[in-house]
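Comments concern the structure below.
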There are 2 protein chains.
Amino acid sequence: MSTRTMDVPALVEQARAGRPRAVARLISLVEGASPQLREVMAALAPLSGNAYVVGLTGSPGVGKSTTTSALVTAYRKLGKRVGVLAVDPSSPFSGGALLGDRVRMQEHSGDSGVYIRSMATRGHLGGLAWAAPQAIRVLDGAAGCDVILVETVGVGQSEVEIAAQADTSVVLLAPGMGDGIQAAKAGILEIGDVYVVNKADRDGAESTARELNHMLGLGESREPGDWRPPIVKTVASKGEGIDEMAEALEKHRAWMEERGVLSARRRKRAAGEVESIALTALRERIGDLHGDQRLDALAGRIVAGELDPYAAADELVEGLTNGGTADRA
Amino acid sequence: MSTRTMDVPALVEQARAGRPRAVARLISLVEGASPQLREVMAALAPLSGNAYVVGLTGSPGVGKSTTTSALVTAYRKLGKRVGVLAVDPSSPFSGGALLGDRVRMQEHSGDSGVYIRSMATRGHLGGLAWAAPQAIRVLDGAAGCDVILVETVGVGQSEVEIAAQADTSVVLLAPGMGDGIQAAKAGILEIGDVYVVNKADRDGAESTARELNHMLGLGESREPGDWRPPIVKTVASKGEGIDEMAEALEKHRAWMEERGVLSARRRKRAAGEVESIALTALRERIGDLHGDQRLDALAGRIVAGELDPYAAADELVEGLTNGGTADRA
């Protein structure tokens, strides 16, 4: 099915009419590097940019999935169409199937206003940074989602990457996870626009919030108009604090719009995306040279001691960049 | 010291006169991406291509370091100048210092006909594939080594990469390491031109050789003139079988020269090197675009829905490749 040529305009129309299978097919098309990827992306360009993209990151065990699910409920009550993109950098399996620990999400499975997609990035060239923006565009432009929640399974670099895809980044913590905070110190904590201390009915919630407040210098004075990341306490399993979390997100969004930050972030994100696609294209051009006469001739001159590999690379790049445009589709 | 501008021609001359410190400095210059890297490589181009490069790979515990050291002794007896490049992909520390488990090598430390260099590749862009060929060129062109033994610490992908740098690849095994063979099945075993069963005085040496013979189909008939990888049994710690190993290497070298395989392999290697340098150069050009007007303008059009990121990447690449040559040194 995935290699069959699809009628992209028809799929987009069906997706916009609320057909979840069309959404799923479009995501499959953009997730792999299918020949139709470009066609889908071109079709979605004028339709995209309406969704508010929220990234949720945090160590395993903080209740990310539960919180995401509760947030979906909150947005649904407001009548918003919601997309959830659950990204698992450790898995090679993508698709509509819910991940094992994502049972909470099943409560939304009968709701036509919610699209849930799990996405695997293991082994993908460029990983998350490459795959997520395209799926986001489908949920935005084709599925017409008002809000897209992007959640990673796992920790580390992938979380920072997810944050780079989002309009607003939420960092989740839980009480008694001092180790988590230690780990998070390595660049992850700083990315939050909104902090959530989940499982706030447990011992230590106050001290976790205090520690966080201290580490981030949230109590320090800021320039007037600067964003001061709030710390929201939630008990996601009981739905407590979730409305406050949604309010904090809305405040951040309003602040970003007011200050021009939202469009600046989106421009930066788009620039990064273009760079990454351009680099891939250049890499492919070089790949096309395998067996190319020029490269082989240069290699022969290196072996003969007439040329060093750097000078040869210069010649190759000149050849690529001068003759490079004609031989592409 | 490493950032000081060196007199490259003088260093090369000193290295060729047998001064080990000059060799060490040249390797330091090419190992990092120093501004003088290109100068060194250009100076070495006409001097390189004489050394016979042997890659040694194998799981930890097979006695790689001991075998390498014994092979150095054998080559020294033949009056050959020998370079040893011990590559550790797990370490960020390079230099002249011997690695902890490399004690055996110390017997050669007073020998002016032996250059030993440990090289770390952790965190290096492009890793082994990038760093090793340049050091090989120094040992070849500047140090005047007749034979260069490239040995990896660790397993996996790096071994395959090392093999790609060598004229002849030696895969080492030891008896009772069935697990090693299992692991090696994943693409590592196939790369051998010569197989060595070390610790052959232990139980199971025969069955290891037999298993290897069977797995590789070494007993099957081949086209006349094809290379049939030999299996050599050694007890490197006692120097047993090492002369036979050196003979097997010499036979492989002679076979390669006879059949034109040696120069074909070197051309292929040079082509790969050029590709990798060219790709890095293109990546840097894209990197230079951060903050570039063109990229920012494209990003703005994406956010406005006027353009999709793939079409934008096309425009960026055209811009790069047309205007790209003027802005380089």
Side-chain angles (χ1 to χ4, degrees), chain A residues 37-38 40-49 133-134 137 141 263 266-283 285-287 289-290 292 295-296 298-318 320-322 324-325 328, chain B residues 37-38 40-49 133-134 137 141 263 266-283 285-287 289-290 292 295-296 298-318 320-322 324-325 328:
Chain A
L37 166 62
R38 282 170 163 266
V40 176
M41 297 308 278
L44 295 181
L47 306 171
S48 303
Q134 335 229 42
R137 259 168 234 274
S263 78
R266 289 180 173 184
R267 278 173 91 106
K268 199 178 158 197
R269 201 157 81 207
E273 209 179 339
V274 173
E275 271 190 270
S276 132
I277 294 166
L279 189 60
T280 304
L282 289 169
R283 190 185 287 126
R285 281 197 196 178
I286 290 190
L289 289 179
H290 275 296
D292 184 281
L295 181 56
D296 190 54
L298 290 170
R301 289 169 61 198
I302 292 173
V303 173
E306 296 165 21
L307 205 64
D308 75 86
Y310 285 84
D314 283 349
E315 290 198 22
L316 184 67
V317 169
E318 296 326 316
L320 262 188
T321 54
N322 295 328
T325 55
R328 288 187 320 125
Chain B
L37 166 62
R38 280 169 164 268
V40 176
M41 297 308 278
L44 295 181
L47 307 171
S48 304
Q134 334 228 43
R137 260 168 233 275
S263 77
R266 288 181 174 181
R267 277 173 91 108
K268 198 178 159 195
R269 200 157 82 207
E273 208 180 339
V274 173
E275 271 190 89
S276 132
I277 293 167
L279 189 60
T280 303
L282 289 168
R283 190 185 286 125
R285 282 196 194 175
I286 289 189
L289 290 178
H290 276 295
D292 184 281
L295 181 56
D296 190 54
L298 290 170
R301 289 171 61 199
I302 292 173
V303 173
E306 296 165 19
L307 204 64
D308 74 87
Y310 285 82
D314 282 348
E315 290 198 22
L316 184 67
V317 169
E318 295 326 315
L320 262 188
T321 54
N322 296 329
T325 56
R328 291 187 320 127

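Worth saying up front: this structure is predicted, and the values here are computed from it rather than measured. Reminder, nothing fancy here: chain letters follow the sequence lines and each chain counts from 1.
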B:R269, part contacting chain A, at a heavy-atom distance under 4.5 Å: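 The answer is neither part of B:R269.
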CG of B:L307 to CE of A:M41, rounded to nearest 0.5 Å, is 11.0 Å
State the CG-CD distance between A:D308 and B:E273, to the nearest 0.5 angstrom.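 Those atoms lie 9.0 Å apart.
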Quick check: closest heavy atoms across [X] and [Y], and the distance to 0.1 Å?
X: A:A271; Y: B:A299; value: N-CB, 3.6 Å
X: A:L316; Y: B:E275; value: CD2-CA, 4.5 Å
X: A:A313; Y: B:A278; value: CB-N, 3.8 Å

**Q.** Option among B:V40, B:V274, B:I277 that satisfies the side-chain contact (heavy atoms from CB on, under 4.5 Å) test with A:Y310
**A.**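 Among B:V40, B:V274, B:I277, the one that satisfies the side-chain contact (heavy atoms from CB on, under 4.5 Å) with A:Y310 is B:I277.
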Which of B:V303, B:L47, B:L298 touches chain A most, by non-hydrogen pairs under 4.5 Å: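 When all of B:V303, B:L47, B:L298 are compared, B:V303 has the most.
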Max heavy-atom pairs within cutoff under 4.5 Å with chain A, candidates B:G300, B:A311, B:S48, goes to B:G300
If one checks every heavy atom of A:R137 against chain B at 4.5 Å, the contacting part turns out to be side chain
